[in-house]
Every structure is written in structure tokens, then in C-alpha cells.
Amino acid sequence: MTQPFTLVIFGVTSNLAQKYLLPALYDLEDKGLLPDGSHIIGIARSPQKEGWIQEHLHQILHKENLHHKHEIKDQIKELLFTRLHYLDGHLDNPDFYQKLKIKLDGLNSQNIIFYLATYPDLYQPIFENLKLSGLSNLADGFVRLMIEKPFGSNLKTAKQLNKTLHQYFKEEQIYRLDHYLGKEALRDILSFRFGSSSVESIINKDHIDHIQVSATENFGVGERGAFYDKVGALKDVGQNHLLQMLTAATMEKPITFTNEEVTKERVKILKKLLPQKENIIFGQYEDYTAEKNISPDSLTETFFALKTFINNDRYQNVPIYLRAGKKLAQTLTEVTIVFKDKKNQPLRYHVHSQRDNFLVQDPYEALILDAIRGDQTYFNDVQEVEAQWAFTDPLSAESEKGIPVIYQPGSWGPQEADELIEQDGRHWINF
Ligand code: BG6
């Protein structure tokens, strides 16, 4: 059992905290994985009455169609309630951090994880004030930061953010989070590949015809329009989730399965990826601009399809096709390796998480546990996040230049995306 810790959630009323984080904490409680003496402090701006945070959690757990659909046990919920605390305050106000410090001292918190579910423009004041109030480092325990994607909005801003972070925290305290790295199914790709030499012997240019990575979704932007319209599909899921799926399926076997070695192999692939500006298609679903909080003349893409190559010996000239989008025919999250020898079935890694299945560990559960244990293997370091942006930047410049092709909701995206692959004599694998 791990040591007790205090998780401080900056932005406890955010979509992210409600949809993913708090339900995952319930599951950890249910599985007995929250050590005695652990606490959760939720922070938001509005002052609230005593008991509000417990009521907030209750609402989240019982709201339909949210993250987890399994039974909520009163006894577990009550236990989690006893760990929950709420503090109101403005995160750019230094006085707030004195209040936070008093609270943390009162709980005798020896190990602290700060989870940032806030707007990125608050990061700098948070880091600075944590440092000024002596909360960025503790003499006898750990202080760790969990930071959600998007990490920056391009290579330049990601570098700036890394630089800022390093003024206040050491790299081993920083957990840059992409929840795809928490998915059991993605981690299983590594066990499958590296547990069996027979599979690995055919994962190379002599045997592979091409690779496809798809993250298609059959729903639209929903309530997240304000965020999504500023970002678009390429930055929302391409720069991060799709690249993580690709690296898991193509990276070399690390010398050891330590954080440094595993991350190093992922980064090697990312650095060899060739962005091809002439081979990218952007689409927007019909009536996207009529959705809530979307600018009526928005040119933001809700779909992209691209072709790339990994410029190393193992995959030289093997085409790789990536696509992702919203309001498509089907939700499909998959890496497919198609072999030259048609007698070999394509190798299909499904990376979809079954959120309603209690037996499958939720990505957030896995990542919170990793952060408590101090294991950064499935988090992004400086090199990784910057290599992802270095690949994405030239492609997103294309999106800024052009007008996305309109596609029908419920289709597989624009015709041009089919042509991108069909002109090479191949086709998207949809079912
Ligand atoms: C998020 C994106 O990071 O990942 C969403 O912001 C996307 O737009 C989601 O829907 C997909 O995650 P999952 O785990 O449902 O495949």
C-alpha cells in the first residue's frame, strides 16, 4: 500500500474533474486503493456552504450518462465524503495560497499532488504562488503536479511552458498527462509486442504494407464548443492521442521497462515522423457552426486525415495514415497494421476504453495511481511533448491557411480523405 497523500484539484467544477477525475477517485476508493489518511481538496472560485462538495460529488456520481455507469455504493461514497474538502479562492491571488497552506497543514499532508484542471492562463500564477508559499517542495514528502493536455498550443508555447515549469519544479515532479497513456488497451500493445518475439519479427518494412491509426467518434462537440473551437481535431487528439497510439505500435523494445527507457523509445519514433503538408485533409461536419459556443464563421476542423512516414530503417517507406474526427459513422479507436502478404490477417489493436465496465481499469485511475507511486513511464516528458508539437506545427499551419471540407454527420468524413488513401491503392478499414 502506498503512503497517504492529499490530492488538490484546481478546478473541481471543471468538465474534466466531473467527468473523469472524481468518478475515478470513487473507483479507487471502491477498490481500497486510497490509503487511510488520504484527502482530496477541491478548489473553485465560488464560496459554498458546508457540505457542498459532498453534494457535488453525489450529483456527479448519480448523473446519468456520465463517465461510469456501474452501481454506486453508499458505503463507498460515504467513505469518500470523509476525505473531501472544499476551498474557494482566486488562483491568481497570493492570499489564497496561505489559506491552502493552513488547510494542508491542518490535514497533516506529507505528500501532495496538485492536479491542474484549470485554464492554462492560470498556470503561471499557480506555479509562482505555490513556490512563494513554500508548497512547491516539502522537506519530508513529495509534491507532484499533474497537468492535463493540451500542453501549450504549439511548439513555441509548449517550450515556454516547460521553461516556466522548470523555474518552479523539477522534472521528476511534473506529470504531463495524456489519458491515452493510461488506457489499459494501449499499455497492452507493449505487452503483446514485446512479450512475443514472433509478432515482433514481422513488424517491419519487409512485411508491413501500411499502418492506419483511427480515432473516429460518432458524437459532436456537445458542451465543449468554447474549448474545441479554439483547438480543432488535429490539436485536440492528433498531436497527442493518435501519436501515442502510433508510438506504442511502432517503438523499439526498450532495453529495460523503466520510465527513461520507455519514454526514450517513444520519443525516437516521434522525432523520425515526417509531417507532409501536401498529404493532409481537414473537414468540418455540416452544421458545426450552429452548435453551442461555436463562432458562426468558424473554420475549425472537426476531422483530419493525413499520411506520414517514420524515417528510420525499420519502417522506411511504409505509409502511415492517421485520421480522427467527430460526428462520424462510428466510434473506432484503433491501430491497424496491414501486411503485404494478404494471407496474414491485419493486426488490429483496439484502444477503446469500456468506461461502463468496472473490471477494466479507467485511464484516470491508472494515471492517479502512477502519480502516487511516482512512476512517470506513462506521462510525457519535455522531449516527448516538444517532439509531438514539432510534428504537428507544420500541419496545423496548413489548417490555418485553408477552408475545411464540409462532410455529412454520420459519414466517414470528406471524400478527399478516402482519396488520400485510395490513390495509393488502399482503403480505410472501418469495421
Ligand atoms: C479528449 C478530447 O482528450 O479525448 C475529446 O479532448 C475526445 O475531444 C476524447 O472525445 C476521447 O477520449 P476517449 O477516452 O473517449 O477515447
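What's counted below: heavy atoms across the whole structure, side chains too, no hydrogens, waters or symmetry copies. For reference, positions follow the sequence shown, starting with 1.
Just one residue in the list Met245, Gln212, His350 forms a side-chain contact (heavy atoms from CB on, under 4.5 Å) with Val335, and that residue is Met245. The salt bridge (charged side-chain N to carboxylate O under 4.0 Å, His left out) test with Lys327 singles out one residue from Glu217, Glu286, Glu291, and that residue is Glu291.
One finds no salt bridge joining Asp188 and Lys183 here, because no Lys/Arg side-chain nitrogen approaches an Asp/Glu carboxylate oxygen to under 4.0 Å. Ion pairing of Asp313 with Lys205 is present here, as a side-chain N (NZ or NE/NH1/NH2) and a carboxylate O approach within less than 4.0 Å.
No more than 12 heavy atoms of other residues, nucleotides or ligands lie within 6.0 Å of NZ in Lys272, so this atom counts as exposed by the packing criterion. With a 6.0 Å radius and a threshold of 12 heavy atoms from other residues, nucleotides or ligands, Gln345 has its CD atom at or below the threshold.
Legend: residues meeting side chain to side chain contact (heavy atoms under 4.5 Å, CB included) with Ala324, ordered by chain and number and at least two apart, are Ala215, Val237, Leu242, Phe304. Partners of Thr258 under the side-chain hydrogen bond (donor to acceptor under 3.5 Å, both in side chains) rule, at least two apart in sequence or in another chain, are Thr256. With sequence neighbours excluded, no residue satisfies salt bridge (charged side-chain N to carboxylate O under 4.0 Å, His left out) with Lys235. Remark: Ser38 pairs with Pro4, Phe5, Pro35, Arg83 by the side chain to side chain contact (heavy atoms under 4.5 Å, CB included) rule, at least two apart or across chains. By the side chain to side chain contact (heavy atoms under 4.5 Å, CB included) test, Lys342 pairs with Asp209, Val338, sequence neighbours left out. Take Glu200 and apply the side chain to side chain contact (heavy atoms under 4.5 Å, CB included) test, not counting sequence neighbours, and it matches Arg193, Phe194, Ile203, Arg314. Residues meeting the side-chain hydrogen bond (donor to acceptor under 3.5 Å, both in side chains) test with Gln330, sequence neighbours left out: none. Qualifying side-chain hydrogen bond (donor to acceptor under 3.5 Å, both in side chains) partners for Lys401, counting only residues two or more places apart in sequence or in other chains: Glu398. Shown here are the side-chain hydrogen bond (donor to acceptor under 3.5 Å, both in side chains) partners of Thr6, two or more places apart in sequence or in another chain: Ser109.
In this structure, Phe96 has its ring center at least 6.0 angstrom away from the ring center of His90.
Between the side chains of Asn162 and Arg176, at least one donor N or O lies within less than 3.5 Å of an accepting N or O. Between the side chains of Thr331 and Asn218, at least one donor-acceptor pair of N or O atoms lies under 3.5 Å. Under 3.5 Å, the side chains of Thr263 and Asp381 contain no donor-acceptor pair of N or O atoms. Remark: the Glu148 side chain and the Tyr115 side chain contain an N/O donor-acceptor pair separated by less than 3.5 Å. Neither side chain, His427 nor Glu422, offers a donor N or O lying under 3.5 Å from an acceptor on the other.
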Can you give me every donor-acceptor pair (side chain of residues 274-282, partner residue at least two apart or in another chain, under 3.5 Å) with its distance?
unit_1: Gln276; atom_1: OE1; unit_2: Asn279; atom_2: ND2; d: 2.8

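The salt bridge (Lys or Arg N to Asp or Glu O under 4.0 Å) pairs that include a residue from residues 382-394 are Arg266-Glu384, where partners are two or more places apart or lie in different chains. Screening residues 387-414 for ring pair (Phe, Tyr, Trp, His ring centres under 6.0 Å) gives Phe303-Tyr407, Trp412-Phe431 as the qualifying pairs, with residues at least two apart or on separate chains.
Classification of the Tyr168-Phe127 ring pair by plane angle, with boundaries at 30° and 60°, yields tilted.
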field: Pair Phe114-Phe10, ring-ring contact (aromatic ring centres under 6.0 Å, His included): steps then yes or no
entry: CA-CA 7 Å; Phe114 293 110; Phe10 290 115; 5.7 Å; yes
Stepwise side chain to side chain contact (heavy atoms under 4.5 Å, CB included) check, Lys307 with Tyr321: CA-CA 5 Å; Lys307 177 170 151 182; Tyr321 304 91; 3.6 Å; yes
